[in-house]
Each structure stands twice: as C-alpha cells, then as structure tokens.
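Okay, structure first, notes after.
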2 protein chains.
Amino acid sequence: MLILTDFIVPDLKIAPRDGGYARGQDGFEQILRAALTLLVEHGSGALTLRRIATESGMNVGNLNYYFRSKDELIRELLNAVISSYEDSFDAIMHEPGATAAERLEKLVTLILEDITTKKTTRFFPELWVLSNHDPFVQDRMEELYDRARVSLNELIAEINPALPADERETLALFISASMEGLTVFAGYEKPWRSRMPWFEQIAKRSFVTLARELKPGEIKGLSPDAA
Amino acid sequence: MLILTDFIVPDLKIAPRDGGYARGQDGFEQILRAALTLLVEHGSGALTLRRIATESGMNVGNLNYYFRSKDELIRELLNAVISSYEDSFDAIMHEPGATAAERLEKLVTLILEDITTKKTTRFFPELWVLSNHDPFVQDRMEELYDRARVSLNELIAEINPALPADERETLALFISASMEGLTVFAGYEKPWRSRMPWFEQIAKRSFVTLARELKPGEIKGLSPDAA
DNA sequence: TCCAAAATTAGTCAATTGCCAAAATTTGAT
DNA sequence: ATCAAATTTTGGCAATTGACTAATTTTGGA
C-alpha cells in the first residue's frame with residue numbers, strides 16, 4: 001500500500017509584502033519554495049544561490065534582488081516554514097474530543113503522524129543543527145516549541161489540576177521531547193518507520209498515565225546529586 | 001559557578017594503521033581530532049580541508065596524503081566518534097546495581113547526563129542530518145543505536161519476562177528515542193538544560209512503570225487505522 | 001497610451017573550495 | 001651511517017561560491 005501524501009510540496013507561510021506587483025509576491029514565494037525543496041530533498045549542502053535559482057526557474061542575480069544576502073534568504077525560509085507549523089499547531093489545538101485524556105491521545109496521534117512526513121523528518125533535524133550555532137534560529141525554534149506546548153500544557157492541567165505549574169510545564173516538555181526523538185527512529189524512510197503505530201500506543205499510554213498519576217512534588221523529590 | 005569539563009577535546013576511537021611510522025598515526029589522529037573540534041565548535045560548515053589543516057597545524061596538501069578525499073575523511077571521523085560511543089555504551093552496560101529496575105534507572109541517569117555534554121549535544125544532531133542523505137551514515141548510525149539498546153533490552157526482559165521479544169524491542173526503542181529527544185531541549189546550552197534533573201526523574205518513573213506494567217499484546221491491541 | 005516603478009537578465013568579480021603533482025624532509029630498520 | 005619508505009611542504013589548478021553592477025524587460029496605475 002502506498003501513501004500518497006509524500007510528494008506534496010511542503011507548505012510555507014509567507015507574509016504579504018509591502019508595495020509591489022503580484023509577480024513579485026510570486027517570485028518571493030517561488031524562491032523560498034525552491035529552497036525548501038532543496039533542503040528537504042538534498043540537505044543544507046544543496047542550498048546554494050545557483051541551485052535555488054535553477055530550482056525556481058530564475059536568474060541568480062534575481063535572488064539578490066529579493067534577498068540582500070543568502071543569510072537573509074535562509075532566515076526568511078526558516079521563518080516561513082516555522083510559521084506554517086505554528087499554524088498547524090493552532091489548528092490541532094482546537095481538535096474536538098470528549099475527555100481531556102482522549103484529546104491528549106488525539107494530539108499525540110496527530111504529532112506522531114506529522115513526524116513521519118518527509119517535510120518534518122528532514123526539516124527539523126536541520127533546524128536543530130542550525131540552532132546550535134545561530135542564536136536567531138535558536139530563538140525562533142524555542143518560540144515554535146513554546147507555542148506547540150500550549151495545548152499540551154492545558155490538557156495536563158485539565159487531567160491533573162493538582163500538579164503545580166512548573167511541574168506541569170516540565171512534564172509537557174518531557175512529552176514533547178519524547179515525541180521529537182521519534183523523528184530519528186520512526187520518521188520518513190527511517191528504519192523503524194513501520195512501528196510508528198506501536199510507538200503511538202506506548203506514547204499515549206505512557207503520557208496519559210504520567211499526567212494522571214504524577215503527584216505534586218514527586219518530580220523534585222530527590223535532589224539531583226543524591227546518591 | 002563554572003563547569004570545568006566543557007573544553008575537553010572529545011574522544012575518538014581510531015584503529016591502529018597498517019604499516020607506517022608512529023608519526024603517521026599521530027598525524028592521522030590529529031586530523032580527525034581537529035575535524036571533530038571544528039564540527040562541535042562551529043558546525044559542519046566549518047569542515048573545510050583548509051580549516052582542518054590549520055586546526056591540526058598541518059598543511060592542506062598533507063590531508064590528501066592521509067585521506068583520498070574529503071568524503072573519506074568525514075567518514076573516518078564519524079566512524080571514530082561512533083566507535084568511541086560504542087565503547088562507552090559497552091562500559092555503561094556492565095554498571096552494577098541491585099535490582100533490574102535500579103540498573104535501568106542508573107542507565108537512564110548515565111545517558112541523560114551524557115546528553116548534556118557539548119560533544120553529544122552537538123555531534124548527534126549533525127549525525128541525524130547527515131543520515132538523511134547518506135546511506136553510509138544511516139547504516140553506521142543504526143548500528144550504533146542497535147548496540148546502545150542491547151542493555152536496555154536485557155533490563156526490560158528481566159523486569160518483565162512475560163513481554164514478547166518484539167514488544168520488548170519496541171519499548172526499548174521508545175525509551176531510547178525519548179531520551180535522544182531531550183538533546184534538543186535540555187542538552188548543552190539548551191534552554192531547558194537546568195531542568196535535566198527533573199527530566200531524569202520523570203524518565204525513570206515513566207520507563208520503569210512501562211517496563212513493569214505493559215501486558216503482552218497491549219501495544220498491538222488496536223490496529224493503527226481504527227477510529 | 002504612457003511611464004515610473006518593479007522585476008528580471010546578463011555578465012563579472014574576488015574569494016574559497018577540493019584536489020593534485022612534484023620536490024623536500026623525516027623516519028627507522030639495517 | 002645508509003637508504004628506501006613514509007611523511008610533509010610548496011605551489012598551483014579548475015570549479016564553485018556569494019555578491020555586485022549595468023542594462024533590459026515587465027507591470028499596472030495615470
């Protein structure tokens with residue numbers, strides 16, 4: 001059985017530009033879309049102005065008309081992709097469901113299935129690497145994950161109202177990190193991709209249990225250097 | 001308070017070379033060490049032959065004597081670093097502890113503390129990115145994680161002997177992925193680095209519970225496309 | 001239709017890249 | 001001490017990179 005959504009050109013969220021012709025907006029978007037395709041298909045090493053120009057059917061010099069430098073182009077690209085994820089998260093956040101636990105399970109399903117797409121599997125590790133040496137990327141990435149955790153936080157609060165805010169936030173972080181980690185093992189074309197349904201079951205069971213049964217103070221119970 | 005272990009040059013495991021002088025073995029190691037330092041400190045973009053030559057106090061042309069191509073140099077580098085981790089995992093595997101659950105907790109502590117080192121936080125995301133477009137890296141990485149999971153598997157089997165092998169392996173994968181995911185959030189110089197002790201508590205509690213309480217067939221219970 | 005702004009093209013520049021060949025030097029067994 | 005093998009240096013090459021300028025074409029409001 002083939003999955004049909006694989007070759008969809010990934011989405012970008014591009015802010016409308018100030019004063020300009022319609023063609024300009026198109027060109028702007030074409031360039032970023034070409035850059036994203038190259039990044040996803042061939043990695044950051046393929047992100048040269050000439051390859052982006054070729055991929056977008058444009059002249060090299062024209063890229064310099066839209067973007068003062070390659071650095072600015074890449075920043076705009078990351079910004080556009082990250083914004084598209086923020087939109088997705090906002091949409092996911094309002095998914096209906098009966099109980100809070102059921103909505104948490106639904107959220108886990110949506111996130112883990114997004115992880116198996118080519119776009120997500122390829123883009124996020126690139127983001128993680130860039131964030132190691134670029135403060136701008138680090139800030140923007142932190143902002144993205146903060147927003148992605150909002151719904152997680154709300155659900156945990158609903159499931160376990162007694163849990164203090166800082167412990168709740170820590171649990172949300174742990175859950176988020178757990179799921180992100182699956183990218184490398186069960187993402188697109190990864191060796192354990194086919195086991196993602198099982199991972200989903202374990203994740204749901206584990207996360208709901210944690211949210212339900214964590215007692216206030218339990219996490220901080222032991223000082224980290226206690227033998 | 002300053003942490004003093006940050007600037008330690010990361011370890012490499014380099015196989016002794018066939019026929020050659022002692023100086024040759026030194027040069028070989030110097031080059032790979034310089035390359036790793038550059039990768040960790042400045043990212044893969046800094047991995048040019050000239051920068052590696054400067055960093056290792058060598059001439060550019062000499063790199064071509066040791067390595068037929070830049071590609072071969074990088075492969076040898078990844079191989080050497082991965083081998084060093086495999087050694088570490090083998091050492092960790094034989095850590096003593098009373099019960100299996102206690103040994104599992106100890107293993108979690110060791111892995112999560114390794115994640116906060118500069119070497120690990122910086123190197124692994126680079127590896128993940130490279131694996132997306134390089135089958136050699138993908139194979140080698142899979143081999144590394146396979147070996148890292150051996151002890152995890154044994155401990156789960158001891159804690160819950162009734163769990164079938166494939167479900168046990170899936171749980172080990174989930175646990176491993178969970179911890180790897182923390183790299184991006186609580187690794188070296190990451191925003192939630194200071195909460196790593198809390199993450200450790202949650203992880204121990206969660207993983208031990210899963211290992212103890214998962215029932216055979218529970219993971220595969222629902223077919224993935226059941227609404 | 002006209003025309004200024006917007007968008008695109010063509011061509012060039014210095015810098016950097018990986019790679020290579022030939023000469024010079026160092027090593028260590030004999 | 002000798003000498004072949006191993007290592008290092010020197011100098012350069014062709015290709016690619018990001019950036020820039022000037023000329024050309026397209027756009028869409030007046």
Side-chain angles (χ1 to χ4, degrees), chain A residues 14-39 41-78 126 130 133-134 136-137, chain B residues 14-39 41-78 126 130 133-134 136-137:
Chain A
I14 299 172
R17 289 162 64 250
D18 46 328
Y21 300 155
R23 189 174 179 182
Q25 183 76 19
D26 281 355
F28 193 85
E29 187 168 331
Q30 275 177 351
I31 293 171
L32 292 190
R33 200 170 296 280
L36 179 56
T37 300
L38 284 173
L39 183 67
E41 299 293 338
H42 301 103
S44 61
L47 281 187
T48 71
L49 292 183
R50 279 169 179 81
R51 287 195 73 167
I52 296 171
T54 302
E55 180 77 23
S56 59
M58 274 187 178
N59 190 291
V60 189
N62 203 15
L63 298 193
N64 241 283
Y65 169 74
Y66 283 102
F67 306 92
R68 259 172 294 187
S69 67
K70 180 188 178 183
D71 220 63
E72 184 185 318
L73 191 159
I74 291 182
R75 287 189 176 198
E76 294 283 356
L77 169 64
L78 299 183
E126 299 279 357
L130 288 174
H133 304 282
D134 186 333
F136 169 82
V137 178
Chain B
I14 300 172
R17 290 162 65 249
D18 46 329
Y21 300 158
R23 190 174 180 182
Q25 182 76 18
D26 282 354
F28 193 85
E29 187 168 332
Q30 274 178 352
I31 293 171
L32 292 190
R33 199 170 297 280
L36 178 56
T37 299
L38 284 173
L39 183 67
E41 299 292 338
H42 302 102
S44 60
L47 282 186
T48 70
L49 293 183
R50 280 169 178 81
R51 285 194 75 169
I52 296 172
T54 301
E55 180 77 22
S56 59
M58 273 185 177
N59 191 290
V60 190
N62 203 16
L63 298 193
N64 237 283
Y65 169 73
Y66 283 102
F67 306 94
R68 259 171 292 188
S69 68
K70 180 187 177 183
D71 219 62
E72 184 185 318
L73 191 159
I74 291 182
R75 287 189 177 197
E76 294 283 357
L77 169 64
L78 299 183
E126 299 280 356
L130 289 174
H133 304 284
D134 186 334
F136 169 82
V137 178

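Order of the sequence lines sets the chain letters (A, B, ...), proteins ahead of strands, with each chain counted from 1.
- Between the CG atom of A:Asp26 and the P atom of C:dT8 there is a distance of 9 Å, rounded to whole Å.
- Closest non-hydrogen pair, A:Ala53 versus A:Leu63, comes out as N-CD1, 3.9 Å.
- Within the 4.0 Å cut-off from OP1 or OP2 of C:dA7, at least one side-chain nitrogen or oxygen of A:Tyr65 is found.
- Within the 4.5 Å cutoff, the side chain of B:Phe67 has no heavy atoms near those of the B:Leu77 side chain.
- The distance from atom CG of B:Asn59 to atom P of C:dA24 is 15 Å, rounded to the nearest whole Å.
- The interatomic distance linking A:Glu72 (CD) with D:dG18 (C1') rounds to 14 Å, in whole Å.
- A:Gln25 has its CD atom 14 Å from the C1' atom of C:dA6, to the nearest Å.
- Taking the side chain as every heavy atom from C-beta outward, A:Leu49 and A:Leu73 approach each other to under 4.5 Å.
- Sequence neighbours left out, the pairs with a member in residues 19-31 of chain A that pass side-chain hydrogen bond (donor to acceptor under 3.5 Å, both in side chains) are A:Glu29-A:Arg33.
- The phosphate of C:dA7 has neither OP1 nor OP2 within less than 4.0 Å of any side-chain N or O from A:Arg23.
- Side-chain contact check for B:Glu126 versus B:Leu78: every heavy-atom pair is 4.5 Å or farther apart.
- To the nearest angstrom, C1' of D:dG18 lies 11 Å from CG of A:Leu63.
- On a pure distance criterion of 3.5 Å, a polar donor-acceptor pair joins the side chain of A:Tyr21 and the base of C:dA5.
- Between the P atom of D:dA6 and the CG atom of B:Asp18 lies a distance of 9 Å, rounded to the nearest Å.
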What string of B, S and - do you get for nucleotides 16-21 of chain C, 5' to 3', when a contact is any protein heavy atom under 4.0 Å? -BBBB-
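- With a 4.5 Å cut-off on side-chain heavy atoms, B:Met58 and B:Tyr66 count as touching.
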